[in-house]
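The first residue of the sequence shown is numbered 1, and numbering continues consecutively from there. These figures come from a predicted structure and were not determined experimentally. As the structure lists them, so they are numbered: ligands from 1, and atoms in each ligand from 1.
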Amino acid sequence: MSTNSDALQALIAGRFPDTRGRFGPFGGRYVPETLIPALERLAEGVRTHLHDTEFRQALGSELATWVGRPTALTYAGRLSAEWGAHIWLKREDLAHTGAHKINNALGQALLAQRLGARRIVAETGAGQHGVATAAACARLGLPCTVYMGAIDMERQSPNVGRMRLLGAQVVPVTSGDLTLRAAIDEALREWVSDPLGTYYLLGSAVGPHPYPYLVRELQAIIGREARAQFQEAAARLPDAVIACVGGGSNAIGMFHAFVPDRGVEIIGIEAGGRGAMLGGNAATLSFGRPGVLHGSYSMLLQDADGQIQETHSVSAGLDYPGVGPEHALLAQSGRVRYETAGDEESLAAVRALCELEGILPALESAHALAGARRWARAHAGGTVVVCLSGRGDKDMPTFQQTLLAERP
Ligand SMILES: *Cc1c(COP(=O)(O)O)cnc(C)c1O
């Protein structure tokens, strides 16, 4: 990759990942030797099944009749009047289990069946991916074990209950940092111990090859639908699309179909938290440096010695020190601009969407809305499609302590 414009050309031509699972310099497989055969088998399974007619029909049928796709594209008229630009919402909050995560969980669970797996292991931080995975496994009759940091289990106890009702075994992880990072390590260990019978169902566009590619392909339905729905409604393309970025799965899903549309501005919004200070945010592409985390070379938040930094965001789903490798390349190539939205402006966006549109968004999605508000100020009369990645019911405890505490 000699220049950014070479990377841009290759991105537009859809040439990533390459045969080694790389997105330019990013991605790849940085894992113990013991995991390579399992990843090779998975990559082979992806090649065989993912774009095969039988698989596509089975997935398409489940997406239509169980997940509720296509999700709506909603024109936010009152919000548009208030913010000064035309705001459209891609309604992943209407997907089964309340967010985009089900697109990936269902797709991978169907793949696991075809690979002959007898059980699924997954990790979860805030619990949303665990709930989606537990639901998909129940639907397909696959036993499911979800590893979750002991601290996260306490913070997200309603989701622990949901997973258990859906038949999953939730295992507390009491090692390491007691949160998502330790849970991922534990799920990987479990996979290595039984790589044939177990399928590791990863929750975002991160991790070693082929996961970033697999998750992108399963989430790309968001942008494909949104692009077609917008064209149907407006007979042209939007000026911009915006999505929030944690690990990057809803964002890559939204962006993928629009990457070749050079006239469409693409913006990813990371968690700006309390600000730019060390440990005050989870804005990996804005403040991170290249490094290896969870089997992939990408950007990550680390200190001068390469130690992973503490992160903060009001939104649990964005509170992750890494980001998917394709986003690192999209940033480097200049095709996507990554900005931050802080805790306060994101909470303000929750209130605006509730009061003006009757939609309670997830705190993660509210970051994308806050980004759209800023975009609207600079592009009066323009048109932007925002990925509303999930619904906010799960965030009620945070809203009680913030938005509702201010207003007795
Ligand atoms: C998990 C989650 C996110 C962040 O994950 P990505 O992989 O970056 O999409 C965003 N929105 C919602 C509603 C989530 O549940």
Side-chain angles (χ1 to χ4, degrees), residues 71 89-105 107-108 122-133 135 148 152 156 158-159 162-163 180 183-184 201-207 211-212 214-216 218-223 242-256 267-271 282-285 294 296 298-299 311 313-328 330 336 338 340-341 346 349-350 353 359-371 386-396 398:
T71 59
L89 307 170
K90 180 55 176 163
R91 300 290 306 282
E92 294 302 293
D93 61 313
L94 297 177
H96 181 45
T97 65
H100 68 289
K101 287 200 169 74
I102 196 71
N103 304 324
N104 171 53
Q108 286 198 54
E123 87 301 319
T124 195
Q128 293 301 107
H129 172 58
V131 169
T133 302
M148 190 170 185
D152 287 337
Q156 313 288 339
N159 275 339
R162 263 175 220 133
M163 286 183 261
L180 178 63
I184 293 177
L201 207 161
L202 193 64
S204 190
V206 300
Y211 284 108
L214 172 58
V215 176
R216 178 192 83 192
L218 292 171
Q219 292 292 4
I221 192 166
I222 302 173
I242 298 186
C244 68
V245 181
S249 70
N250 87 92
I252 204 70
M254 182 70 179
F255 297 168
H256 190 59
I267 303 156
I269 307 291
E270 299 190 298
T284 311
L285 290 161
H294 297 134
S296 173
S298 184
M299 299 294 278
T311 54
S313 170
V314 69
S315 155
L318 300 182
D319 202 352
Y320 178 67
V323 68
E326 190 163 9
H327 287 291
L330 284 165
V336 178
Y338 294 86
T340 66
S346 301
V350 170
L353 197 69
I359 299 169
L360 174 60
L363 262 168
E364 292 85 359
S365 322
H367 285 69
L369 287 166
V386 180
C387 184
L388 203 72
S389 54
R391 66 177 182 222
D393 307 59
K394 68 184 177 61
D395 295 314
M396 277 314 296
T398 306

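Residue-to-ligand polar distances place G248 within reach of ligand 1: an N/O pair is separated by less than 3.5 Å. In terms of polar-atom proximity, defined here as any N/O pair under 3.5 Å, C244 makes no such contact with ligand 1. Ligand 1 has an N or O atom lying under 3.5 Å from an N or O atom of G246, backbone or side chain.
Protein heavy atom in closest approach to atom 4 (C) of ligand 1: G317 O, 3.4 Å. For atom 10 (C) of ligand 1, the nearest protein heavy atom (residue, atom name, distance) is E364 CB, 3.4 Å. The closest protein non-hydrogen atom to atom 1 (C) of ligand 1 is K101 NZ, 1.3 Å.
For the residue pair E364 / N250, no side-chain donor-acceptor distance below 3.5 Å is found, with atom types taken as modelled. Side-chain contact check for H294 and Y211: no donor-acceptor pair (N or O, by modelled atom type) lies under 3.5 Å. No hydrogens or angles considered: nothing links the side chains of N104 and Q219 as a donor-acceptor pair under 3.5 Å.
With rounding to the nearest 0.5 Å, the separation of CG in L202 from CG in L214 is 9.0 Å.
Of the heavy atoms in A362, only side-chain atoms (C-beta onward) come closer than 4.0 Å to ligand 1.
Each of the atoms 15 (O) of ligand 1 lies under 4.0 Å from some heavy atom of Q128. Remark: ligand 1 atoms within the under-4.0 Å shell around heavy atoms of S204 are 6 (P), 7 (O). Taking a cut-off of under 4.0 Å to the non-hydrogen atoms of S249, the atoms of ligand 1 that pass are 6 (P), 7 (O), 8 (O), 9 (O). Residue-ligand proximity, G390 to ligand 1, at heavy-atom distances under 4.0 Å covers atoms 13 (C).
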Working note: C244 + L318, criterion side chain to side chain contact (heavy atoms under 4.5 Å, CB included); need CA distance, chi angles, decisive distance, verdict. CA-CA 8 Å; C244 68; L318 300 182; 4.1 Å; yes
Determine, stepwise, if the pair K101 / E92 fulfils side chain to side chain contact (heavy atoms under 4.5 Å, CB included). CA-CA 9 Å; K101 287 200 169 74; E92 294 302 293; over 6 Å; no
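The two residues S365 and S389 have their closest heavy-atom pair at OG-OG, 2.7 Å. Nearest heavy-atom pair across L363 and S315 is CB-CB, 3.9 Å.
Remark: side-chain polar atoms of N159 are not paired, donor with acceptor, to backbone N or O of G130 under 3.5 angstrom.
Between G125, A132, A368, S389, it is S389 that holds the heavy atom closest to atom 13 (C) of ligand 1.
Under a 4.0 angstrom heavy-atom cut-off, H100 registers as being in contact with ligand 1.
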